[in-house]
Amino acid sequence: MNIASVIVDVPAKQTDRAFDYKIPSHLKGVIFPGMRVVVPFGPRKIQGFVTGLKEESDFQQVKSILEPMDLNPVLNQELLNLGDWLTEKTLCYKISAFQAMLPAALKAKYEKKLVIAVNADRKLLPEKVCTLFHNAEEITWDDAVKDGALPLLQKEASKGNIDIIYQVKERVKKKKVKQVFAAAPPEKIVDYLQNLPGNATKQKEVLEYFLKEEGPVDQKELFSLLGITSSTLKGLLQKRLLGQKDVEIYRNPFGDREFERTEPLALTVGQRNAIIPILDSIEDNRHETFLLYGVTGSGKTEVYLQSIQRVLEDDKEAIVLVPEISLTPQMVKRFKGRFGDQVAVMHSGLSAGEKYDEWRKIQRKEVKVVVGARSAIFAPFENLGIIIIDEEHETSYKQEENPRYHARDVAIKRAENHKCPVVLGSATPSLESFARAQKGVYHLLTLENRMNNQALPAVDIIDMREELRDGNRSMFSRKLLEKIKDRLGKKEQIVLFLNKRGHSSFVMCRDCGYVINCPHCDISLTYHRYNQQMKCHYCGYEASVPNACPECESEHIRYFGTGTQKVEEELAKILPEAKVIRMDVDTTSRKGAHEKLLDQFQEGHADILLGTQMIAKGLDFPNITLVGVLSADTMLHLPDFRSSEKTFQLLTQVSGRAGRHELEGEVIIQTYTPEHYSIELAGEQDYDKFYDREMMVRKIHRYPPFFYISLVTVSHEELMKSVSVTEKITQYIQSKLSAESIVLGPVASPIPRINNRYRYQCLIKYKREPELGQTLKKILDNYQQEIASGGLTVSIDLNPYILM
DNA sequence: AGCACGCCGACT
DNA sequence: GTCGGCGTGCTC
């Protein structure tokens with residue numbers, strides 16, 4: 001094979017295809033599909049992925065691969081094909097698909113440098129150039145730009161006195177430690193020891209150590225063990241009595257933490273009935289998608305664990321997706337506890353290097369199970385036996401940037417490739433999945449009862465309008481307050497949940513109601529307490545709070561909205577004796593903080609756990625007997641057809657935190673719209689009724705799961721331009737679709753302006769449009785020049801979860 | 001995406 | 001006449 005087809009690291013329409021490169025003779029038999037290589041591309045050097053090998057190229061002047069970046073392919077054939085599939089399904093570039101499948105550490109970094117050419121006569125160079133380089137061999141391009149010396153240097157470059165060097169660099173290095181070992185035979189060491197002067201006690205100690213322990217030892221450990229420094233070692237290394245070497249190691253995000261080993265638990269009848277079809281599918285090597293629908297606390301995790309156990313017995317591998325895993329350290333504990341160091345963990349809390357190391361453990365087949373967030377679905381296993389997606393309904397499984405994939409779709413595709421089952425688990429399945437289960441596309445498995453047959457907690461819905469009418473203006477209803485006091489007295493624990501979305505604290509004038517918006521985006525600024533600044537979450541604009549209202553010049557400016565901090569303050573005021581742990585982005589941003597806070601709560605160092613979304617899942621503490629939802633309806637009024645579904649899911653999840661063990665649980669939901677079915681039915685914890693009700697709404701409004709939707713968003717600096725382009729696109733799509741499909745638009749996006757760019761969109765609802773992908777691709781082609789140069793953006797989402 | 005090449009306005 | 005603006009087109 002002489003020629004390699006390479007996808008180059010240039011995310012653009014025109015380069016979204018394979019380029020041919022010669023394999024130089026010294027690299028024959030070394031280059032394989034799936035490897036990263038450095039290739040010349042125009043005047044630069046860039047990274048590329050080899051996708052195939054062939055004998056000949058149709059192209060006349062094929063350049064050569066410069067060097068491989070990997071010893072072994074980073075993408076196997078299945079993942080290479082999956083990349084093509086992703087490209088088609090999400091209309092993304094091939095290179096973006098490949099990069100999405102790999103840890104960020106494998107993405108190339110580029111460096112541009114300037115050096116004085118070897119054959120240049122230094123004496124003839126302009127003085128300015130000499131001073132720039134003074135003694136340095138090279139200077140970076142960025143430094144040259146900063147010095148404003150670029151024109152001069154370019155002139156010299158064209159004369160051939162200066163060379164421009166393009167370099168491809170690895171982003172993250174493999175971590176290494178220095179080890180020391182005995183390099184000479186013991187006799188020689190003994191010999192040397194005898195001739196050692198009496199005052200060389202340290203050297204003596206070191207050598208005696210190596211006479212006892214021959215194996216290599218970490219240099220660091222040696223130093224601390226014997227109380228020596230590198231100077232002692234230096235002499236011995238020089239005399240070749242000892243040797244030193246670098247050994248590659250893994251970063252260990254879990255430190256030396258031991259996970260308590262657990263054994264499989266006896267299954268309940270319900271669990272046994274649910275697991276049998278899954279085990280059958282594993283044994284038959286048959287692809288099938290299961291929807292494991294079980295109320296909170298019904299023991300879904302044990303079903304996952306024992307299914308995985310079965311897969312491991314066959315010497316196959318398992319992928320477990322959980323929503324943002326750093327949020328559920330308890331989950332990690334359960335998997336590591338059962339499968340020990342056969343488990344790799346991949347989540348957003350890890351550093352790039354740590355993620356890379358976990359990924360390498362998978363690639364080298366040192367682990368058999370990966371537990372991780374969305375991107376873990378691309379784990380490079382070659383012998384998959386099962387894929388599990390816990391909390392299947394979670395929207396974080398959808399990636400909201402290119403490639404806009406849904407992990408559930410990728411999971412099913414990969415499971416087809418490997419002929420293995422997918423298990424989607426949830427207490428509140430997405431309507432899409434439940435509808436598919438009803439139609440028999442997925443195999444529905446139901447866990448009706450909680451583990452010890454405890455009752456679901458009693459739920460009370462409090463109408464906050466009534467509280468207001470009765471003169472209670474605090475954020476706690478009388479009932480909730482009374483219950484909190486009761487639990488404090490009994491030394492039982494409380495979880496208070498704040499639905500933060502729509503609740504970010506904005507800044508408002510109390511006199512005229514003016515809300516301070518971002519000057520570049522049509523969205524209110526969020527108040528950040530820690531630096532007393534207002535910040536735009538879309539473009540990053542920051543400003544300090546004005547002293548007077550820009551509208552009416554009133555000085556009555558207030559930070560509005562109920563952030564967790566405000567709740568914490570109010571709690572401190574009315575219940576000063578209560579110890580509160582607050583969990584939100586501010587208190588959990590530090591690494592490991594999340595887990596620490598939860599541990600503190602579990603150990604009983606606090607009475608109340610106050611938090612946002614992140615405490616809705618996975619908490620399983622025996623002493624929690626009261627859950628309070630401070631405002632249930634903040635999500636309900638978002639411009640999103642899934643808002644009812646999300647509200648129902650969230651309330652059900654939070655309620656499930658209470659009374660999971662012996663003590664009975666109680667839930668209080670505060671709301672301004674108690675009559676809304678999603679709140680009412682969450683109170684009754686009746687998923688089936690909610691499903692029926694919501695399906696009706698979806699049917700009437702022609703939303704999923706009855707219709708598919710796709711969204712085209714256009715943005716441009718000029719309002720009229722984005723309107724007219726969206727208009728044209730809408731018309732074009734309309735002309736290509738069947739009568740059954742609906743095209744809505746052009747309409748302004750729910751956030752009509754971000755970063756001074758006006759955003760318009762067009763929504764397509766359809767049941768069957770096999771050509772739609774092609775049609776949308778044509779649109780991208782058509783506007784390609786304007787996208788490349790004119791500052792127009794056209795983004796296409798073939799299954800949007802956020803319609804903004 | 002970069003980068004070179006190329007064609008028009010304001011400067012030595 | 002030249003420097004430099006950014007429009008156009010190519011990269012195996």
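A quick note: this is a predicted structure, and the numbers were derived from the prediction, not measured. The sequence lines fix the lettering, A, B, ..., with proteins before strands; numbering per chain opens at 1.
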Next item on the list: Looking at every strand, decide which applies to A/Val10 at a 4.0 Å heavy-atom threshold: base, sugar-phosphate, or nothing.
Entry: base
Next item on the list: Could you check whether A/Lys112 gets within reach of a base, just the sugar-phosphate, or nothing at all, counting any heavy atom under 4.0 Å?
Entry: sugar-phosphate
In whole Å, what is the span from the [atom1] atom of [X] to the [atom2] atom of [N]?
{"X": "A/Tyr166", "N": "B/dA1", "atom1": "OH", "atom2": "P", "answer": "17 Å"}
{"X": "A/Glu111", "N": "B/dG2", "atom1": "CD", "atom2": "P", "answer": "15 Å"}
{"X": "A/Asp16", "N": "B/dA1", "atom1": "CG", "atom2": "C1'", "answer": "13 Å"}
{"X": "A/Gln154", "N": "C/dC3", "atom1": "CD", "atom2": "C1'", "answer": "13 Å"}
{"X": "A/Asp9", "N": "C/dT11", "atom1": "CG", "atom2": "P", "answer": "18 Å"}
{"X": "A/Ile3", "N": "C/dC12", "atom1": "CD1", "atom2": "P", "answer": "13 Å"}
{"X": "A/Lys155", "N": "C/dC3", "atom1": "NZ", "atom2": "P", "answer": "7 Å"}
{"X": "A/Arg17", "N": "C/dC10", "atom1": "CZ", "atom2": "P", "answer": "11 Å"}

Notebook entry, point to check: With no angle test and no hydrogens, is the base of B/dA1 tied to the side chain of A/Arg44 by a donor-acceptor pair under 3.5 Å?
Noted result: yes
Item checked: Earlier contact from the 5' end, DNA chain B, for A/Gln14 and A/Ile164 -> A/Gln14
Assess, by modelled atom type and distance only, whether the side chains of [X] and [Y] contain a donor and an acceptor separated by less than 3.5 Å.
{"X": "A/Asp640", "Y": "A/Tyr801", "value": "no"}
{"X": "A/Asp84", "Y": "A/Thr87", "value": "no"}
{"X": "A/Glu382", "Y": "A/His418", "value": "no"}
{"X": "A/Gln167", "Y": "A/Lys113", "value": "yes"}

Checklist line | Interface residues of residues 19-29 of chain A with DNA chain C (non-hydrogen, below 4.0 angstrom) | finding: A/Phe19, A/Asp20, A/Tyr21
Checklist line | Phosphate OP1/OP2 of B/dA1 contacted by A/Lys13 side-chain N/O (<4.0 Å) | finding: no
Next item on the list: Check whether any side-chain nitrogen or oxygen of A/Tyr110 sits under 4.0 Å from OP1 or OP2 of B/dG2, and answer yes or no.
Entry: no
Notebook entry, point to check: Does A/Lys175 pair with A/Glu354 as a salt bridge, N-O distance under 4.0 Å?
Noted result: no
Next item on the list: Return the minimal non-hydrogen interatomic distance between A/Ile387 and A/Ala415, and the atom names on each side.
Entry: CD1-N, 4.1 Å
Notebook entry, point to check: Between OH of A/Tyr760 and OG of A/Ser749, what distance do you get to the nearest 0.5 Å?
Noted result: 10.0 Å
